[in-house]
Amino acid sequence: MKRFAGWTLAFPATLLIVVFLVLPVLATIWTTFTTPAGPFATYLSFFGSSFRRTVLFRTIQVSLAVTAIALVVGILTAYVVSRAPGWLKSILIIAAVFPLLTGVVVRSFAWLIILGKNGILNSTLLKLGLISEPITMLYTQGAVIVAMVYLFVPLMILTLVGVLESIPDDLIQASASLGAKPSATFMQVTFPLAVPGLIVGAVLVFAGSFTSYATPQLLGGEQVMMMGTLMYQQAMVTFDWVAASTIAAVMVVITIAIVAAMNAVARRLNPMAT
Amino acid sequence: MTRNIHPLLIAGTVLVFMFLVGPLIIVLGAALSDTTYLTFPPQGLSLRWFENIFQIDAFRRTIFTSLQIALLSTVIALIIGIPAAYALNRHRIQLPGWLSTLFILPVLVPELVLGFSLLKNLAVQFNSPIYLSLLFGHSLIVLPYVIRVISASLASFDFSIEEAAISLGSPPLKTFFTILLPNVRSGVIAAFILAFITSINDVSISIFLTGPGLSTLPIQLLAHMEQFFDPTVASVSVLLMLLTVAVMAVVERTLGLTFLAK
């Protein structure tokens, strides 16, 4: 009896995941290979359509841009946060957690008010006389990137604060006492030790951007279609479920591939990890 | 501690935090505006857009549905997640290594894919009620939060207390409810509240599993935004932000907010 205790306790969760996640998702991927036209026909038609290729490349481009910006902003901010005195650090962490726990619709909506034709940014620029008529900011790639950076920077900051705090202060002090300037200490001690955390953060942000729906839908619309919004459109507007399943399969493969790559890199960088 | 940080870096950090908090303050201002269109700074102060939320039938209905789905899916996730977390901590040796990978699959698999698959291969294929797919979809995405938070609490639990109870003849279920559960109570509360807010805010699963007659609050917000540009959405957003504040207060009192920076 005792030998099976672990299995008994883990069984309900295992069952839920297998029945409601693994099987349905595998079935979705399976149907892309069993169309009457042949096993790879849907993929040939996906990559054969220049519109869908554009959407895929745009999604990769936007996700890379968001990841790069979030990494730079995240590491520099997390560095300052982790060095801040206690009371200030608490306030800064609260200020990062608050947007993190606020929903994606609310956070994207905020940018809709800011970037709209009669939005805050346009009316401010008009008032200052910097522009003579409102410029189109919504439904551009830039709008999607800004809103997604907004979405993911708190996650990056919090991940990296955790990483930076785990670096022993002795190393920093040793570096300083040996005469290194703060910038040299940062580049030669702190940064290399933070690399595994940076990779984790980058993968979280890239995967999150690559598969997002609400932000590209609200700020990109039809003009800046991404994989998520294209998948929704194929599934629920044109009811082409084979095409939607193909996009789903591409998303799953890319997400799992980058996570696997991250694990491999992290293992090479940290021989202590199992 | 090294305090000599370059002034440019401090200025940059100030800008980043203005960027993080500013947009949410703008939403708050827009919600309080006494105009029929969205504007900031608010022109005149009024709470009428908050009243308006409850006058719109679709918002009343979806707020109720969202609360119901969040509560039920969180309870389901707790009921199956607590034993799973316990098994992972206590009986790891009996369990295969791939099991912990299986338990993080709900985070790994894109939510859009999961939502679409539940629609296609469960709701439509077996002609089952869409509500069930929505409920199980939400239970799945909150399950990893429950397992992670409960595991963190169990890591600091002294299992010799439990062994003492068992060796004194306490039956397993009684031991669970009188010894284990009270000791990980703060973890359970934190897991509940984090799972609840995750479910309430979800878009990517729900977008495929809602339709005529069944919708959640975020999906209704998206639909409303596409038709109207009035401050109602801003006032609903403020209500959701108040919920976030409540959640943060609970997390701070149980796990401490720094738990989220790990």
Side-chain angles (χ1 to χ4, degrees), chain A residues 3 5-7 9-10 12-14 16-17 20-22 24-25 27-28 73 76-77 80 83 92-99 101-106 109-111 113-114 120 150 153-154 158 161-162 169 172 176 182 211 213-214 217-218 228 231-232 235 241 244 248 251-252 255-256 259, chain B residues 1-2 4-5 9-10 12-13 16-17 20-21 23-24 26-27 30 38 40 80-81 83-84 86-87 91 94-95 99 102-103 105-106 108-110 112-114 116-118 120-122 136 139-140 143 197 201 203-204 207 218 221-222 225 233 237 240-241 244 247-248 257-258 260-262:
Chain A
R3 269 180 54 207
W7 263 119
L9 292 169
T14 311
L16 181 84
I17 293 174
F20 292 104
L21 188 144
V22 176
V25 170
T28 297
V73 172
L76 295 177
T77 313
V80 178
R83 307 259 126 215
L92 295 178
I93 286 182
I94 288 172
V97 170
F98 186 69
L101 291 178
T102 304
V104 55
V105 173
V106 175
F109 168 70
W111 287 97
I113 314 181
I114 298 170
I120 297 160
Y150 181 67
V153 157
L158 290 170
V161 166
D169 214 34
I172 314 289
T211 61
Y213 171 76
Q217 170 69 20
L218 281 174
M231 183 185 155
Y232 179 78
W241 282 18
M251 273 190 190
V252 170
T255 312
I256 291 184
V259 172
Chain B
M1 195 180 271
T2 332
N4 44 351
I5 300 169
L9 213 48
I10 292 175
T13 306
V16 168
F17 279 96
L20 286 185
V21 179
L24 296 176
I26 288 169
V27 172
L38 281 163
F40 185 89
I80 66 172
Y86 180 86
H91 301 286
Q94 290 173 17
L95 299 170
L99 203 64
L102 185 80
F103 287 168
L105 269 188
L108 221 57
V109 171
L112 281 175
V113 175
L114 177 58
F116 175 61
S117 301
L118 284 172
K120 180 168 173 285
N121 300 318
L122 195 71
F136 282 116
S139 308
L140 275 169
L143 183 64
I197 190 89
N201 284 332
V203 172
S204 292
I207 190 80
L221 279 174
L222 283 177
M225 262 185 255
V233 175
S237 301
L240 286 169
M241 286 192 254
T244 309
V247 166
M248 287 174 67
L257 282 174
T258 45
L260 298 172
K262 267 179 198 165

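By convention in this document, chain letters (A, B, ...) are assigned in the order of the sequence lines, proteins followed by strands, and residues within each chain are numbered from 1.
In terms of heavy-atom pairs under 4.5 Å with chain B, the best-connected choice from I256(A), V161(A), V252(A) is V252(A). Contact count against chain A (heavy-atom pairs under 4.5 Å) is highest for P83(B) among P83(B), S139(B), A84(B). Among the candidates G81(B), P218(B), S237(B), the residue making the largest number of heavy-atom pairs closer than 4.5 Å to chain A is S237(B). Of all the listed residues (L92(A), I94(A), I120(A)), the one sharing the greatest number of non-hydrogen pairs under 4.5 Å with chain B is L92(A). Between chain B and the residues V104(A), T211(A), V22(A), V259(A), the largest count of heavy-atom pairs under 4.5 Å involves T211(A). Across L102(B), L108(B), I197(B), V247(B), the residue that shares the most heavy-atom pairs under 4.5 angstrom with chain A is L102(B). Among L114(B), I80(B), L118(B), L257(B), the residue with the largest count of heavy-atom pairs under 4.5 Å with chain A is I80(B). The candidate from V153(A), V73(A), I17(A), T14(A) with the greatest count of non-hydrogen atom pairs under 4.5 Å with chain B is I17(A).
For the residue pair F17(B) and A96(A), the shortest heavy atom distance occurs at CE2-N, 4.2 Å. In plain terms, the two heavy atoms of G6(A) and A87(B) that are nearest each other are O-CB, 3.5 Å. Taking every heavy atom of both residues into account, F103(B) and A10(A) meet most closely at CZ-O, 4.0 Å. Of all heavy-atom pairs spanning M231(A) and V113(B), the tightest one is CE-CA, 4.1 Å. Residue A30(B) comes nearest to I113(A) through the heavy atom pair CB-CD1, 4.0 Å, listed as atom of the first residue, atom of the second, then distance. Here the closest heavy-atom approach between residue Q94(B) and residue W7(A) is recorded as O-NE1, 4.2 Å.
Residues Q217(A) and I207(B) are not in side-chain contact: their nearest non-hydrogen atoms beyond the backbone lie 4.5 Å or more apart. A 4.5 Å side-chain heavy-atom check between M241(B) and F98(A) finds at least one atom pair inside the cut-off. When side chains are defined from C-beta on, Y213(A) counts as touching V203(B), because their heavy atoms get closer than 4.5 Å.
With a threshold of 4.5 angstrom between heavy atoms, V25(A) approaches chain B through its backbone and through its side chain. For T255(A), the part sitting under 4.5 Å from any heavy atom of chain B is the side chain, from C-beta outward, and nothing else. At a 4.5 Å heavy-atom cutoff, the contact between V233(B) and chain A is made by backbone and side-chain atoms alike. With a 4.5 Å cut-off on non-hydrogen atoms, L240(B) touches chain A through its side chain but not through its backbone. The parts of L20(B) that come within reach of chain A are both its backbone and its side chain, each placing non-hydrogen atoms under 4.5 angstrom from that chain. If you measure heavy-atom distances from L218(A) to chain B, the contacts under 4.5 Å come from the side chain alone. For L9(B), the parts sitting under 4.5 Å from any heavy atom of chain A are the backbone and the side chain alike. For I93(A), the part sitting under 4.5 Å from any heavy atom of chain B is the side chain, from C-beta outward, and nothing else.
The main-chain N or O of L101(A) is found under 3.5 Å from a side-chain atom of N201(B) such that the two form a donor-acceptor pair.
Every residue two or more places apart in sequence or in another chain was checked for a side-chain hydrogen bond (donor to acceptor under 3.5 Å, both in side chains) with Y150(A), and none qualifies. Taking the side-chain hydrogen bond (donor to acceptor under 3.5 Å, both in side chains) definition, one finds that S117(B) meets it with T28(A), sequence neighbours left out.
Ring geometry for F20(A) against F136(B) counts as parallel: the plane angle stays under 30°, on a 0 to 90° scale with 60° as the upper cut.
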